[in-house]
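First the structure, in the form of structure tokens, and then the observations on it.
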Amino acid sequence: MPADIDFEALFAAAAAIQPRAYAPYSRFKVGAALLADDGAIHAGCNVENAAYPVGSCAEAGAIAAMIAAGGKAIRAVLVFGEGAELVTPCGACRQRIREFAAPETPIAIADPDGIRARFTLEELLPASFGPANLPR
Ligand code: THU
């Protein structure tokens with residue numbers, strides 16, 4: 001894992017936003033924080049909907065915040081949730097991250113006790129399809 005990435009700051013941002021999640025249906029609140037190429041940290045939380053498939057994940061919110069702020073690339077991700085199992089990004093969110101991140105980009109998984117696991121994007125989404133696959 002890159003030594004220059006401040007995972008404690010990512011943890012603080014994700015932990016702060018997780019309680020604000022709107023998750024009345026699953027009651028499973030998630031926070032996500034990402035470090036952008038310009039050094040800014042952006043956070044998001046899941047926002048569910050009575051029409052269930054319309055809900056959005058915490059990672060999607062964090063990515064939207066990064067793009068809205070002018071960030072171009074993701075240098076690191078931290079996902080914060082609770083429960084016995086690791087709250088790893090869903091398949092769709094792995095692809096969302098893939099759009100803006102390199103294979104070696106770290107993705108840390110945390111709960112209120114701290115970081116529980118660290119992966120690279122390549123580990124979570126091997127042999128992935130991305131922008132370079134499309135003709136220009
Ligand atoms: N969820 C996230 O926001 N991110 C993840 O990494 C895993 C799942 C949300 C989606 C849904 O609102 C709730 O958690 C239960 O699946």
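Side-chain atoms are counted along with the backbone in the values below, which use heavy atoms only and exclude waters and symmetry mates. Order of appearance sets the numbers: ligands from 1, and atoms from 1 within every ligand. Note that the structure is predicted; figures quoted are calculated from it, not measured.
- When each atom of ligand 1 is checked for a heavy atom of Glu59 under 4.0 Å away, the hits are 2 (C), 3 (O), 4 (N), 5 (C), 6 (O).
- The Pro89 neighbourhood of ligand 1 comprises atoms 6 (O), with distances under 4.0 Å to a heavy atom of that residue.
- Protein heavy atom in closest approach to atom 16 (O) of ligand 1: Phe28 CD2, 4.7 Å.
- For Thr88, the closest heavy-atom approach to ligand 1 falls below 4.0 Å.
- Between Glu99 and Pro131, the shortest heavy-atom distance links the atoms OE2-CG, 3.6 Å.
- Gln95 and Ser128 form no side-chain donor-acceptor contact under 3.5 Å, judged by distance and modelled atom types alone.
- Counting only distance, with no hydrogens or angles, the side chain of Lys29 and the backbone of Gln18 share no donor-acceptor pair below 3.5 Å.
- Note on Asp37 versus Lys72: no salt bridge recorded, every NZ/NE/NH1/NH2 to OD/OE distance being 4.0 Å or above.
- Here the heavy atom of the protein found nearest to atom 9 (C) of ligand 1 is Asn46 ND2, 3.5 Å.
- For ligand 1, the atoms closer than 4.0 angstrom to any heavy atom of Glu48 are 11 (C), 12 (O), 13 (C).
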Report task. Decide yes or no on salt bridge (Lys or Arg N to Asp or Glu O under 4.0 Å) for Arg75 and Asp4, but give the supporting numbers first. Result -> CA-CA 10 Å; Arg75 290 188 58 214; Asp4 62 322; 2.6 Å; yes
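- The ligand atoms of ligand 1 that sit less than 4.0 angstrom from a heavy atom of Ser26 are 13 (C), 15 (C).
- In this structure, atom 3 (O) of ligand 1 has a protein heavy-atom contact shorter than 4.0 Å.
- Of all atoms in ligand 1, numbered sequentially from 1 with element shown, those under 4.0 Å from a heavy atom of Ala58 are 2 (C), 3 (O).
- Ile17 and Phe11 fall into different hydrophobic clusters, defined by Ile, Leu, Val, Met, Phe, Trp and Tyr side-chain heavy atoms under 4.5 Å apart, directly or through other members.
- Shortest contact from atom 1 (N) of ligand 1 to any protein heavy atom: Val30 CG2, 3.7 Å.
- Shown here are the ring pair (Phe, Tyr, Trp, His ring centres under 6.0 Å) partners of Tyr25, two or more places apart in sequence or in another chain: Tyr52.
- Residues satisfying the side-chain contact (heavy atoms from CB on, under 4.5 Å) criterion with Ala14, sequence neighbours excluded, are Ala33, Leu78, Phe80.
- Nearest protein heavy-atom contact of atom 10 (C) of ligand 1 is Cys57 SG, 3.9 Å.
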